[in-house]
Amino acid sequence: MTMTDQTLEAPATAERTMTYSEAVREAIAEAMTADDRVFMLGEDVGVYGGAFGVSGDLYGRFGADRIRDTPISELGIVGAAVGAAVAGMRPIVEIQFSDFTCQAMDQIVNQAAKIHFMLGGELNVPMVLRAPVGSGTGAAAQHSQSLEAWFAHVPGLKVVMPSSPADAKGLLLAAIDDPNPVIVLEHKLLYRTSGHVPEGAERTPLGVSAVRREGKDLTIVATGVMVGRAMEAAAALSEKGIEATVIDPRTLTPLDAAPILDSVTRTGRAMLVQEAPGHVGYMAEIAARICESPALYRLLAPVRRVCGLDVPIPYAPKLETAVVPQLDGIIAAATELMEVQS
Amino acid sequence: MTMTDQTLEAPATAERTMTYSEAVREAIAEAMTADDRVFMLGEDVGVYGGAFGVSGDLYGRFGADRIRDTPISELGIVGAAVGAAVAGMRPIVEIQFSDFTCQAMDQIVNQAAKIHFMLGGELNVPMVLRAPVGSGTGAAAQHSQSLEAWFAHVPGLKVVMPSSPADAKGLLLAAIDDPNPVIVLEHKLLYRTSGHVPEGAERTPLGVSAVRREGKDLTIVATGVMVGRAMEAAAALSEKGIEATVIDPRTLTPLDAAPILDSVTRTGRAMLVQEAPGHVGYMAEIAARICESPALYRLLAPVRRVCGLDVPIPYAPKLETAVVPQLDGIIAAATELMEVQS
Amino acid sequence: MTTTQTTADPRVGDDPDKARHVLATMWRIRRFEEAVDDLFARGLMHGTMHLSIGQEGSATGSCLSLRTDDAITSTHRGHGHCIAKGASLERMMAELLGKETGYCRGRGGSMHIADTATGNLGANGIVAGGIPIATGAALAYKMQGLDRVVVSFFGDGASNEGAFHEALNLAAIWKLPVVFICENNKYGMSFSTEFSVAVAHIADRAAAYGMPGVTVDGNDVEAVNDAVSAAVDRARGGGGPSLVEAETYRWKGHSKSDKNLYRTREEIAEWRLKDPIVRFEKLVKERGTLSESEVQQIRDEAMQAIKHAVVAANQAPDARADDILDSVFAATTIVSEVTA
Amino acid sequence: MTTTQTTADPRVGDDPDKARHVLATMWRIRRFEEAVDDLFARGLMHGTMHLSIGQEGSATGSCLSLRTDDAITSTHRGHGHCIAKGASLERMMAELLGKETGYCRGRGGSMHIADTATGNLGANGIVAGGIPIATGAALAYKMQGLDRVVVSFFGDGASNEGAFHEALNLAAIWKLPVVFICENNKYGMSFSTEFSVAVAHIADRAAAYGMPGVTVDGNDVEAVNDAVSAAVDRARGGGGPSLVEAETYRWKGHSKSDKNLYRTREEIAEWRLKDPIVRFEKLVKERGTLSESEVQQIRDEAMQAIKHAVVAANQAPDARADDILDSVFAATTIVSEVTA
Ligand SMILES: Cc1ncc(C[n+]2csc(CCOP(=O)(O)OP(=O)(O)O)c2C)c(N)n1
Ligand SMILES: Cc1ncc(C[n+]2csc(CCOP(=O)(O)OP(=O)(O)O)c2C)c(N)n1
Ligand SMILES: [Mg+2]
Ligand SMILES: [Mg+2]
């Protein structure tokens, strides 16, 4: 798919606003109300309301059977979801921190991702795995990773990273509809952010990038929490007379690359922003797509990646912010990139 | 490090040749003889001699204590290696198929990779994890993956992919010496290939790319089993008057990128070959390094990735070979790339 | 088809129809795997394979306790489970030969055969990989209000994987309709249970999950069927999961590469004398349930069925490569709406 | 320093020196965590924290059975283990405050404190993450011919992780010198053991590994010490691993975000009455091992020690950011040789 959906750019003045976590919860509630096959399972998703409060009151509304608390057994939980999915249910698994998908990689990668293909189409695995990613909470190296590149690299998985409340709801609804396993990576720092969320069951289609902002000088591609920072940076750059296009792929696999390549062809400058460590990260793929395409010939400057340092996330606040891209760094990198004369 | 080591290019006529798996075994035997702290553990590494026959007679030579058979418990095995390493041993873990590292990702990624940094340097984890990668044996999707991109993306892990018997021994010896966790990915199809292996404990330093062949027209970067195919392709291309440089990074993390960038600067054409699926694979990083560097300005054609298809590895022989790069495809892609006029 | 045997019924060795079915099933498994072994030896089949020759009793006795709409998850050593649950020999053979008519369209091979029609949710190349999946399927059936039961087959070695532990605990706390059947053939590849576990019986591990654990002679079809039928009835009745350990033995090497260095010829010979098929034939003849001629006919039919399967599978078209990129994901209505 | 208690010695409540050490340790843990709780409440500490207030008995009683050169692995709720094994309060507090003088140079925080000098191989942010590591350390000591023992602390919830299962089995088949101590505080975050397991006691799970399993009152320091000393002696003597379950209770929420919706005020109040410190003070005074004034002095010293630690830690320099890229890998001689 190569179409770009800009209708999701809601006016800030829109009537209905809610937080990112409320949007996730609303999507789950609507899907569960519409379809008995949909249920949620995970650690402390019940009366506790979820480690990040996302499931909230769903336990009270849908009961212990469909908002199912589990023991601390990530491999078992995901495996149970895979089994429930092949047997006709539509499970939504919550993994408390995406770091703990490490415990469940066999069921995610060797089972869920491959079953449909490997069994010749005999079975489908319509499941959703939601997990919070990222740093910024002082939880240190084992609770702060951004592992999207791993999942995006696995054939058979679809991977989304919602960057706004509207997409948090829309992408999740689309993920639940999808007959394939979909990994939904939500950034912890976004849960409390709010924004417009359209009424009703509006889907954000999987595999469609969003152009968040149009500008002629520079193309910024950003994912997850970095989309907001890129938009802030673009606003600041605009005051300096630099107009940036900001593109949010939203779905990392399958990737809708056309809008990115079109924009880079126009601007000649590409800056790629992610929180994850740069080395072999997702933005390497975006860089590769650019230099494999005719857009390469239009580059006025080398592609610039602005990524997390190749280090585990440290605990101390100053160190934690120092190792991932912050607003100033993004603005500085963009300014530098504009100064390059080819 | 940015130096390039070409001395490792052994003359084909060299006196001492052995197979890739014999070279791995020799490295383990020499390390175990030289250092009591070194031992090996894994499933069926003992009397069975290893699923791919790599440990062979080591059990008979070193006994059950140091060539330690384990139950089928990958997470436990790797965790035990981490614990043994922090307590002063130098474990070498064999995982029967690299696909099963999925079971052990927590101990590899959340523990081994992070302990040194996360604990402020209080502990080191000098362990080696060896695992066979790749397709070509008709073992299907759960026994044929190439997951190097995952490990290369994890700060705190070093990752090597030996492509020759000499490097299979040299890189493993260097990995055992290293005070950090090193992932050694050996390709199944290489185990039976043979080549020159220098006498004695000659190390192949980690973090040093090898230029396997020099040519002015085209730069081919290849990893693992694809290095041999790239060399064959280069020979065939040479007959057509196309001279290719072939570079084998050998260590994926930390990457010695300079020789690649230097070569691309000279040739203006880059072809990147790996067995793993292309999307968000390791070669995306190489492409990114190129288009982030001044080499970008010297490109006469878009960078070309020749990778596995984004599908799980199928069982049927024809399908299995169809989804990963083969010699003809590599030659064809190179020829096409040479025809591009910028 | 599978004939179901419940605890209510007479024992299988006393019921001519059941006995015929059981014997025919065991012979079909034996002959199928001998044919596979032969095709590999002659280089007519590629990849790898894991034969269950000598273990036919546990697959057959267990599946006899199940209804067609009950489900199983199987293992890398799954031909027996697959056949006992009622799969087509021809489609199985076609799969192993990499044919388009195979159960996985030639994409999975021996370790990945699934057949929804007969309730086989799939063999698995990952040791213990099917155990959490079986647990989840049982959860689904329970939530759907169906009275289906799921049986999960796995080996002694698999009981050392974390997946075994997590799945059995989930099944126990949720009282799911699942029966865990450990086919203890004494070895996980080369590693003997003497060294791989510190318990006398794998069934002892049921204690960690508060579920019943029982060990039976896996080469005694009736004993297996009795134990599994009891566990299945319990599961169907809402009593929750059980762990059944069937003690048996693998006659052949673990896979092609096995040199049998970890066990003695004597041990293998000893177990060959405990052949579950010979034993069942003797039993039904002694009890007069089946005559020698009936038994011989069953043997002949099994042989014919396999021969036919090999011939038909060989004639089938090779697996298609043209739609491989379109086969990774199941078609998604939502996306097509968008692109439309 | 840690004073070691073996099964040979008189019970800790009867020995003035041991009693003093035990009471001082429990008070240091209690006061340290109260201070941490207060710093968080006042926004002077960031990140998250897991307090073991109410559980001081098991950490203290267990570590008393260990020599300084014995090792432990700890958990996200590890302050007590760390202090009981002899760590410096100042360096711990400095770590929680993100200081360069902290045990992890401010890079790990509360969940990652390790102290090789006192044999603490590290807290762990991953539930059950330390269990296989403890097993591996025990393997190392055994292979090195040392008579060191490793204790692995973990919670009731951790016993549902695959890592628990795999590690205990490895320790059992290899007869390793390791003692697995499950601090059962009735909840894994919000999930009660009533629902998370189907056994009466976590110690029942020892049966799956053929190792002894015992359940003790975790708030009775002497009972904990008796059970752990016996297990440690057994391990040191080559008898292999044991599983000790210490039943206790967490007074505070799981972490900052906890609203205690999953338990009643009454339950918390009831357990507060079982305070391991009050109980031990009562015991030593009744037995005349320590006088009230001695007890009061111990309390005061603990309070002073914590106050000092907070002051000193606050004065320490913040964690350095300049060498962060050089801290990912331990320096490797081999590579420097090459670059030279
Ligand atoms: C997770 C995982 N680890 C290792 C293997 C390699 N392997 C395949 S079968 C096998 C032995 C399994 O033993 P058991 O569970 O007893 O089954 P059996 O082969 O005896 O039927 C091993 C180690 C695997 N396929 N998956
Ligand atoms: C693998 C993993 N899963 C989940 C979590 C989140 N988590 C942290 S502590 C905790 C509860 C642990 O319960 P228990 O083992 O009983 O220890 P307790 O907190 O009660 O001391 C959970 C679910 C984690 N840190 N690691
Ligand atoms: Mg077995
Ligand atoms: Mg607990």
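The model shown is predicted, which means the values in this text are computed figures rather than measured ones. A, B, ... follow the sequence lines: proteins, then strands. Residue 1 opens every chain.
The two atoms that bring B:A51 and C:S257 nearest to each other are O-OG, 4.2 Å, heavy atoms only. Considering all non-hydrogen atoms of both residues, C:M111 and B:A139 come closest at CE-O, 3.5 Å. In terms of heavy atoms, C:I126 sits closest to B:Q142 at N-OE1, 3.4 Å. The shortest non-hydrogen separation linking B:A140 to C:G108 is CB-O, 3.5 Å. The two residues B:P314 and C:I324 make their nearest non-hydrogen contact at CG-CD1, 3.7 Å.
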Quiz item: Which is it for C:E161 and B:Q103 under the side-chain contact (heavy atoms from CB on, under 4.5 Å) test, yes or no, and what are the steps along the way?
Solution: CA-CA 9 Å; C:E161 283 281 3; B:Q103 267 74 358; 4.0 Å; yes

Quiz item: Is there a side-chain contact (heavy atoms from CB on, under 4.5 Å) between C:H112 and B:Y315 once you walk through the steps?
Solution: CA-CA 10 Å; C:H112 301 296; B:Y315 165 72; over 6 Å; no

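Residues meeting the ring pair (Phe, Tyr, Trp, His ring centres under 6.0 Å) test with C:W251, sequence neighbours left out: none. B:R25 pairs by the salt bridge (charged side-chain N to carboxylate O under 4.0 Å, His left out) definition with nothing, not counting sequence neighbours. Under the rule for a salt bridge (charged side-chain N to carboxylate O under 4.0 Å, His left out), C:R77 has no partner lying at least two apart in sequence or in another chain.
Within 6.0 Å of NZ in C:K259 there are 12 or fewer heavy atoms belonging to other residues, nucleotides or ligands. Within 6.0 Å of atom NZ in C:K186, more than 12 heavy atoms from other residues, nucleotides or ligands are found, so the atom counts as buried in its surroundings.
Interface check for chain C: of the options B:G46, B:P317, B:C102, B:A141, the most heavy-atom pairs under 4.5 Å are formed by B:P317. When the candidates C:T48, C:L97, C:L96 are compared by the number of heavy-atom contacts under 4.5 Å with chain B, C:L96 comes out ahead.
At a heavy-atom cut-off of under 4.5 Å, chain C is reached by B:D69, B:T70, B:P71, B:I72, B:S73, B:E74 from residues 67-76 of chain B, listed in order of number.
Looking only at side-chain heavy atoms (C-beta outward), B:D310 and C:V328 stay at 4.5 Å or farther from each other.
The line from CE of C:M189 to CD of B:Q96 is 4.5 Å long, rounded to the nearest 0.5 Å.
Contacts between C:N260 and chain B at a heavy-atom distance below 4.5 Å are absent for every atom of the residue. The part of B:F100 that comes within reach of chain C is its side chain, from C-beta onward, which places non-hydrogen atoms under 4.5 angstrom from that chain.
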